[in-house]
> 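One structure, pasted below without further comment.
A, B, ... follow the sequence lines: proteins, then strands. Residue 1 opens every chain.
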Amino acid sequence: MTWFEKLLPSRIRTDGRKSKHSVPEGVWSKCPVCQAVLYSPELERLMNVCPKCSHHLRIGGRKRLETFLDPENREEIGIELSPMDPLKFRDSKKYKDRLLQKQKLTGEKDALIVIKGQVKGVPLVTAAFEFEFMGGSMGSVVGEKFVRAANTAIKYYIPLICFSASGGARMQEALFSLMQMAKTSAVLQKMSQHGLPFISVLTDPTMGGVSASLAMLGDINIAEPNALIGFAGPRVIEQTVRETLPEGFQRSEFLLEHGAIDMIIDRREMRDRIASLLTILTHQQPTSPDEEPSWPVVIQDLDDETEVKNELHEDES
Amino acid sequence: MNLNFLEFEQPIAELEAKIDELRHVNHSSDEINISDEIAHLQTKCQDLTRSIFSSLSSWQISQLARHPQRPYMLDYVKLILTDFEELHGDRVFGDDAAMVGGLGRLEGRPIVVIGQQKGRDTKEKIVRNFGMPRPEGYRKALRLMNMAERFKLPVLTFIDTPGAYPGVDAEERGQSEAIARNLYVMSSLRTPIICTIIGEGGSGGALGIGMGDRLCMLEYSTYSVISPEGCASILWKDAEKAPEAAEAMNITSEKLKDLELIDTIISEPLGGAHRNIELTAQNLSKTLQDNLKELDQIPINNLVENRYQRFMEFGQFEEN
């Protein structure tokens, strides 16, 4: 304290001190890999990728889709769905209470967000898991929303992209949860029968029932760098084989090496590269960031599937 | 303690031991006729078994499903199929002994059969990897299912696994993809599929050969998204709470039937399948034949569409 401050009346003194120290909570975050201290709004602008070491921090499902999609023509699918507790499940806490708590925390009704929109002018349906909602676990609502996402893609004859981030099945829904693996895989089979591409983007982490169903069934499987991806969790494997696991085990680079995924894409390039892949798969002109979208048609309220089909394939002939 | 009996069956074991003892006495002495006493004890034993088995907890049933003497896939294959020929290998990497598949006849009718196989003694348990298939097991199953479609043979699957193998090699070869691919293909396979859980239905490892037109369960088998022990150690942070977890997850045939997640319960003899394998096999065979007859009546396009719709209906949620 300086001599000048000492002279001031105490009321003024405290006020001054308070304003000096009142840094709002959460302005700074730390990169878990390089320990760099990062300014949160800046980190958010960079889509939660560390500017120092390029580590991909987790990103919320809604945020993910907001940064991935064009701002135009967005329409959320399946907002009418909310979870139930069919088994009246109760462990140390009631499932109902867990749901309420997570709904409050995330602002989402369940762990999957589906938005129909466009990326660089290419119309598509996107789905993203919210990992903060009970570990992105797949219960009945997640399964049903995914099915509606795929059915929307079929209805409008457009591709489907899913960003997965999930610990697997939702134990509190027991066998109902397991059956979502069957349900989501079946609807992807239906999509492929319509000749529509499904691109699966596996992000940190994608494990268990989600990786053993929809997430591994992409026509193209993409992973973000260094994401944990696998069937059994590393701890379970360690307990089974009783040895420490090699470094990098079940990481994206490991999966690429073993042929499970097509490529690893940096989050900051995701929009460009997925848009480019989609235009190739659907016989469209390439997109470029400077030009107007080459695939501007967003078909609103069109029920006749065949009509849409013709329109989209005009370029081919 | 008799190791062929589970803990909750010990009173039955004691009574049966007593009967055996009396029989021995009966043989050695002609003077005392104790056959009346034996008959009396036998009725008593039956009553006791009936009363114990009439109110089994989910945890007790899950122990029965893993009973060391419980019949395994090949035991049933021997009893209900003729001309069985095992087919090996996934044509890519290897042959997985934890997953058995082959051709055979059910009452003369040609079929493809696929199922997990556990081992009886220590050596066989290791060979069979405790019934936990690796990716090559699921890919062998897939190869056989595709073949079944090609030759218009119905597929019968027998499910009995603690789960798909959680090991380093399994991850390297794509355990997730192998299971996912089976779900994808089974959802539209153009031939009837009947799945039966004969013991443990362990999560994705079970579902990987478990998507069909009919899902049956032997009375004392279980089907769950995670083992009771696994669930207890995650949600209760204590594996000792497995009995609670078993109850909460609704893993028994009866509860799953009530929830309309399975179609048929195949009854087991008093005391469980291992007490009378022949009778269990008869019940199993009859159920499979009845279901095949029903499925035969349905044109293949409708069959596949019905199967698809059935999967779409799985799940409970609110809509508003």
> Considering only heavy atoms and a distance below 4.5 Å, find which of B:N250, B:I226, B:L261, B:N182 pairs most often with chain A.
B:L261

> Checking heavy atoms, do the side chain of A:T240, its backbone, both or neither come under 4.5 Å from chain B?
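Just its side chain gets close to chain B.
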
> Side chains of B:Y184 and A:S192: donor-acceptor distance under 3.5 Å anywhere?
yes

> Which one wins on heavy-atom pair count under 4.5 Å against chain B: A:G208, A:S185, A:G230?
A:S185

> Heavy-atom pairs under 4.5 Å with chain A are the metric here; pick the option from B:S203, B:G174, B:C231 that has the most.
B:S203

> Name the region of A:R148, side chain, backbone, both or neither, that has any atom closer than 4.5 Å to a heavy atom of chain B.
side chain

> Side chain, backbone, both or neither: which part of A:V210 has a non-hydrogen atom closer than 4.5 Å to chain B?
neither

> Counting heavy-atom pairs closer than 4.5 Å to chain B, which one of A:L81, A:V241, A:I229 comes out on top?
A:L81

> Should the pair A:K190 and B:Y308 be classed as cation-pi, given the thresholds of under 6.0 Å to the six-membered ring centre and 45° from the axis?
yes

> Counting only non-hydrogen atoms closer than 4.5 Å, does A:Q193 touch chain B with its backbone (N, CA, C, O), its side chain (CB onward), both, or neither?
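Interface part for A:Q193: side chain.
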
> Taking the side chain as every heavy atom from C-beta outward, state whether A:V141 and A:S82 have any atom pair closer than 4.5 Å.
no

> Under a 4.5 Å heavy-atom cutoff, which of B:M312, B:Q175, B:E244 has the most pairs with chain A?
B:M312

> I need the contact set between residues 214-227 of chain A and chain B: heavy-atom distance under 4.5 Å, sorted by residue number.
A:M216, A:L217

> Any residues in residues 252-262 of chain A near chain B, with a heavy-atom distance under 4.5 Å, and which are they?
A:F254, A:H258

